[in-house]
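Take a look at the structure below.
Computed from a predicted structure; not experimentally measured.
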Amino acid sequence: MCESFAEDLLAWYDRHARELPWRISPADHAKGLRPDPYRIWLSEVMLQQTTVAAVKDYFNRFTTRWPDVAALAAAPDAEVMAEWAGLGYYARARNLLACARVVADAGGFPQTEAGLLTLPGVGPYTAAAIASIAFATPAVVVDGNVERVTSRIFAMGDPLPAARPKLRELAAQLSPQKRPGDYAQAMMDLGATICTPRNPACTICPVFAHCEARRLGIAADLPRKTPKAAKPERAGVVYIARRPSDGAWLIETRPDKGLLGGMPGFPGSDWAVGGAPAHEPPLAADWLTLNGEVRHTFTHFHLTLQIRITRSEAEPQQGAWRPAFSPAALPTVMRKAWDLAAPQFHDV
DNA sequence: AATACGTGGGG
DNA sequence: TCCCCAAGTAT
């Protein structure tokens, strides 16, 4: 049954594989063509907790600008962070660059799962994905799609995340030794297009016959998940200043660790439950509080941000004047603040 | 082991 | 509107 599961899935993949910028087609794969490990690695890191739709443009811009790992390794940190701006989980970008430099120094990517696992930003999923897709090594590739598909095939009702080790065992039972890369990508495509979280399309599923949850009519209820804690409300203040003499913006680079680490932003208060903690503005001036506020939701809290603006020529105590600053380099929450403030500076 | 870490789209 | 979630990793 396991054997024919993989056969049925791969037969479907041969006809229905999605065309994606980092992929080569199953037909070309069969001719012995191999995808570029650099492109597979880059796409897998971008795709961590991120949708294909969101990744495509970023992937194309990165590979156009930095066509190989040596080019990326030589890039200045700020340029890579700016190119990543808006994609989220910015530790990925910092680790991406660290990883590129390790790999460029080594003269190429490690070709084993264990070797890949030592790289910054490469965890169990990504190591297995690169090993199977780029190096044709059988590996048990388990991501959210595989967990969902597997829980349904076996009608495994234990809730995530506790069920993760058991699901990995079950996924290993399904995984074939042949065509590991195609199989991994087939599971992704199945999970993304047929075996979806809501309203799975069981009637057109290529592995319909193997699916215990479908047989029981409970596919849409799996996998079960333990409820998540509610997100707390936090609030803060940001200060947006512009220098009339040259149009420079007051920008600080956030510390490498923590939220939005390594990204540019506007100086301001900490963000706390119950309101902005006491703080000093980044420079002495008359600050105007805007009527509108920024609302933004992070993974683990909601945020309301008050915006204060001024025009000034003073030397700041936080951040620095940046005459050539582009808002495209901002993380989304800061870009929202900029969107609100920028019209107030139309005459600067 | 549990928590921190972004964002945009869909129902 | 609000909640869920998408090719997870680091600590």
How close or far is atom [atom2] of [N] from atom [atom1] of [X], stated in whole angstroms?
X	N	atom1	atom2	value
A:Glu44	C:dG8	CD	C1'	11 Å
A:Leu260	B:dT7	CG	C1'	11 Å
A:Lys231	B:dT3	NZ	P	14 Å
A:Phe301	B:dT3	CZ	C1'	13 Å
A:Arg295	B:dG6	CZ	P	18 Å
A:Leu160	C:dC5	CG	P	10 Å
A:Lys336	B:dT7	NZ	P	8 Å
A:Gln49	B:dG8	CD	P	16 Å

Neighbour count >12 (heavy atoms, 6.0 Å) for atom NZ, A:Lys231: yes
More than 12 foreign heavy atoms under 6.0 Å from CG of A:Asp270: is that the case here? no
With a 4.0 Å cutoff (strictly under), does any side-chain N or O of [X] reach OP1 or OP2 of [N]?
X	N	result
A:Lys228	C:dC5	yes
A:Thr332	B:dT7	yes
A:His300	B:dC5	yes

If you take atom types as modelled and just measure distance, does the side chain of A:Thr297 reach the base of B:dG6 with a donor-acceptor pair under 3.5 Å? no
Between protein and nucleotides 9-11 of chain C, what N or O pairs are separated by less than 3.5 Å?
{"residue": "C:dT9", "atom": "OP1", "partner": "A:Gly123", "partner atom": "N", "Å": "2.8"}
{"residue": "C:dT9", "atom": "OP1", "partner": "A:Gly123", "partner atom": "O", "Å": "3.3"}
{"residue": "C:dT9", "atom": "OP1", "partner": "A:Thr126", "partner atom": "N", "Å": "3.0"}
{"residue": "C:dT9", "atom": "OP1", "partner": "A:Thr126", "partner atom": "OG1", "Å": "2.7"}
{"residue": "C:dT9", "atom": "OP2", "partner": "A:Pro124", "partner atom": "N", "Å": "3.4"}
{"residue": "C:dT9", "atom": "OP2", "partner": "A:Tyr125", "partner atom": "N", "Å": "3.2"}
{"residue": "C:dA10", "atom": "OP1", "partner": "A:Gly121", "partner atom": "N", "Å": "2.5"}

For A:Asp14, is there an ion pair with A:Arg179 - N to carboxylate O distance below 4.0 angstrom? yes
Rounded P spacing from B:dC5 to C:dA6 in Å: 22 Å
With P as the reference atom in both, quote the distance from B:dG6 to C:dT11 in angstrom, rounded to an integer. 14 Å
Have a look at [X] and say if it touches a base, only the backbone sugar-phosphate, or nothing, with a 4.0 Å heavy-atom cut-off.
X	answer
A:Gly261	nothing
A:Gly258	sugar-phosphate
A:Arg94	nothing
A:Trp84	nothing
A:Val141	nothing

Side chains of A:Leu42 and A:Phe62, heavy atoms from C-beta outward: is any pair under 4.5 Å? yes
Given side chains that start at C-beta, do those of A:Arg148 and A:Pro197 come closer than 4.5 Å, heavy atoms only? yes
Residue pair A:Gln185 / A:Arg23, side-chain donor-acceptor N/O under 3.5 Å: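 Present: a donor and an acceptor within the cut-off.
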Cation-pi check for A:Trp287 against A:Arg242: NZ or CZ below 6.0 Å from the six-membered ring centre and within 45 degrees of the axis, yes or no? no
Flag this pair as yes if the NZ/CZ of A:Arg34 is under 6.0 angstrom from the six-membered ring centre of A:Phe135 and inside a 45 degree cone about the axis; otherwise no.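 No.
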So which protein N/O to nucleotides 9-11 of chain B N/O distances come out below 3.5 Å?
none

Closest listed nucleotide, where the reference is the side chain of A:Arg335 and the choices are C:dC5, B:dC5, B:dG8: B:dG8
Could you report the tightest heavy-atom contact between A:Leu117 and A:Pro124, atom names first, then the distance?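 It is CD1-N, 3.5 Å.
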Tell me whether the rings of A:Phe298 and A:His296 are parallel (<30°), tilted (30 to 60°) or perpendicular (>60°).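 A:Phe298 vs A:His296 ring planes: perpendicular.
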